[in-house]
Amino acid sequence: MTTQIDISEFIKPLVQKKVGYAALIGRPNSGKSTFINALIDEKVSAVSSKPQTTQKTIRGIYNDAESQIIFFDTPGIHESKEELNIIINAQAAVALEDADVIVRFIDISRQRGEEEEKISELLKWIKKPVILVYSKSDLKHATEARKDAISISSRNKNGFSELLATIKKSLPTGPLFYDEDYYTDQDMETRIREIIREKIFLNLGEELPYDILVDVDDLTEENGMIKALVMLYVAKDSQKNILIGKQGTVLQNIGKLARIELEKILEKKVYILLRVKTMSKWNKNPNVLKKYFG
Ligand SMILES: Nc1nc2c(ncn2[C@@H]2O[C@H](COP(=O)(O)OP(=O)(O)OP(=O)(O)O)[C@@H](O)[C@H]2O)c(=O)[nH]1
Ligand SMILES: [Mg+2]
């Protein structure tokens, strides 16, 4: 009698590819999160037209025949002395330390802002290869195109293969860090929080989204259904009514859009209960900031 041996299990540790970390950095709104989502073809990171949508570094994992690239989608670097923003900038700086290669996004659809100076300053201290990317090339014909930059458009997926090939040149060869089925290392709680944050950004005016802290208080899974009790903390009482909206319409809409998207992502039924509460000046409270962003 012959015994069948599955040799793939033995070969797995020997698979060697270009494997490593690439940190995306750029001013807020330059299209970093949109790029990750478009490249991986999954919603990994929240996107909105407002700056500083990303608050914590998110990992998106890209696999192909010759490489595994773990992208750090960092929060946009910007000028501000607010406590929360300082922490957000620090998140991006830490990701740079961990990366093999840095991909710097410059949004060619806008005038260069002061933030670019700040980013250049930060990168001076980090002795790592930096790839310059001009993002949103569909919006403005690459008038600014230079030889040292790669133009990309996440809207029509242009420039991706050139960018990937350039990143791979800076990566070491080695065994895979993640199973190839994974496209993110975020747990379910984080994914729920991020999608709800995105819907908050989409549904509310300019300032308020930054004052809302999303916290998944309770998460259970029963008979294939995910149930999440999610607290939305506002920084002052007067913000409660705006978030809830007339007869609860704004809050309901946020919950509904988040549920629809999460059901698609998680391929399960999802039930979300949103509760609104005031946590006075949470965004200035060092303990709260440490707990949620530390
Ligand atoms: N036309 C066009 N719009 C884009 C492209 N990439 C991103 N955008 C838009 O730019 C806005 C900001 O995109 P994000 O991906 O959230 O930008 P970000 O750099 O992650 O921003 P922060 O998280 O705030 O740092 C959104 O409205 C996107 O739809 C692109 O290639 N073309
Ligand atoms: Mg982002």
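We count ligands from 1, going down the list as the structure has it; atoms in each ligand are counted the same way. All heavy atoms count here, side chains included; hydrogens, waters and symmetry mates do not.
- Salt bridge present: Lys43 and Glu261 bring a charged side-chain N and a carboxylate O closer than 4.0 Å.
- One N or O on the side chain of Lys128 and one on the backbone of Leu96 form a donor-acceptor pair closer than 3.5 Å.
- Within the 3.5 Å criterion, the main-chain N or O of Tyr62 finds no donor-acceptor partner in the side chain of Gln68.
- Residues Ile192 and Ala228 approach most closely at CD1-CB, 4.3 Å, considering heavy atoms.
- In the vicinity of Gly76, heavy-atom distances shorter than 4.0 Å reach the ligand 1 atoms 25 (O).
- Within ligand 1, the atoms closer than 4.0 Å to a non-hydrogen atom of Ser153 are 31 (O), numbered from 1 in the order shown.
- From the protein, the heavy atom lying nearest to atom 3 (N) of ligand 1 is Arg155 NH2, 3.7 Å.
- With respect to the salt-bridge test (charged N to carboxylate O, under 4.0 angstrom), the residues Lys269 and Glu222 do not qualify.
- Close approach of ligand 1 to Gln52 (heavy-atom distance below 4.0 Å) involves ligand atoms 22 (P), 24 (O).
- Considering backbone and side-chain N/O of Thr53, one or more are found under 3.5 Å from N/O of ligand 1.
- Ion pairing between a basic and an acidic side chain is recognised when a charged N comes within 4.0 Å of a carboxylate O; Arg197 and Glu194 show such pairing.
- Salt bridge Glu263/Arg259: present, at least one basic N to carboxylate O contact under 4.0 Å.
- Near Leu139, meaning under 4.0 Å from one of its heavy atoms, ligand 1 places the atoms 1 (N).
- Salt bridge Lys157/Asp41: present, at least one basic N to carboxylate O contact under 4.0 Å.
- In this structure, atom 29 (O) of ligand 1 lies nearest to the protein heavy atom Val47 CG1, 4.2 Å.
- We find that Glu221 and Lys268 are joined by a salt bridge, their nearest charged nitrogen and carboxylate oxygen being less than 4.0 Å apart.
- Shown here are the salt bridge (Lys or Arg N to Asp or Glu O under 4.0 Å) partners of Lys168, two or more places apart in sequence or in another chain: Asp64, Glu66.
- Both the backbone and the side chain of Ser30 come within 4.0 Å of ligand 1, counting heavy atoms alone.
- Counting only protein N, O or S atoms, the number found under 2.8 Å from the Mg ion (ligand 2) is 2.
- Among Ser151, Ser48, Pro75, the residue whose heavy atom lies closest to atom 26 (C) of ligand 1 is Ser48.
- Between atom 25 (O) of ligand 1 and the options Lys136, Arg110, Lys32, the minimum heavy-atom separation is to Lys32.
- When each atom of ligand 1 is checked for a heavy atom of Pro51 under 4.0 Å away, the hits are 24 (O).
- Close approach to Asp138 involves these atoms of ligand 1, each under 4.0 Å from a residue heavy atom: 1 (N), 2 (C), 30 (C), 31 (O), 32 (N).
- The environment of CZ in Phe293 is crowded: more than 12 heavy-atom neighbours from other residues, nucleotides or ligands sit within 6.0 Å.
- Of all heavy-atom pairs spanning Arg59 and Phe72, the tightest one is NE-CE2, 3.5 Å.
- Between the choices Thr34, Ile25, Asn156, the shortest heavy-atom distance to atom 15 (O) of ligand 1 belongs to Thr34.
- Counting heavy atoms only, Asn29 comes closest to atom 22 (P) of ligand 1 of the residues Asn29, Ile152, Asn158.
- Counting non-hydrogen atoms of neighbouring residues, nucleotides and ligands closer than 6.0 angstrom, the OH atom of Tyr292 exceeds 12 such neighbours.
- In this comparison of Ser49, Ser154, Gly31, the heavy atom closest to atom 17 (O) of ligand 1 sits on Gly31.
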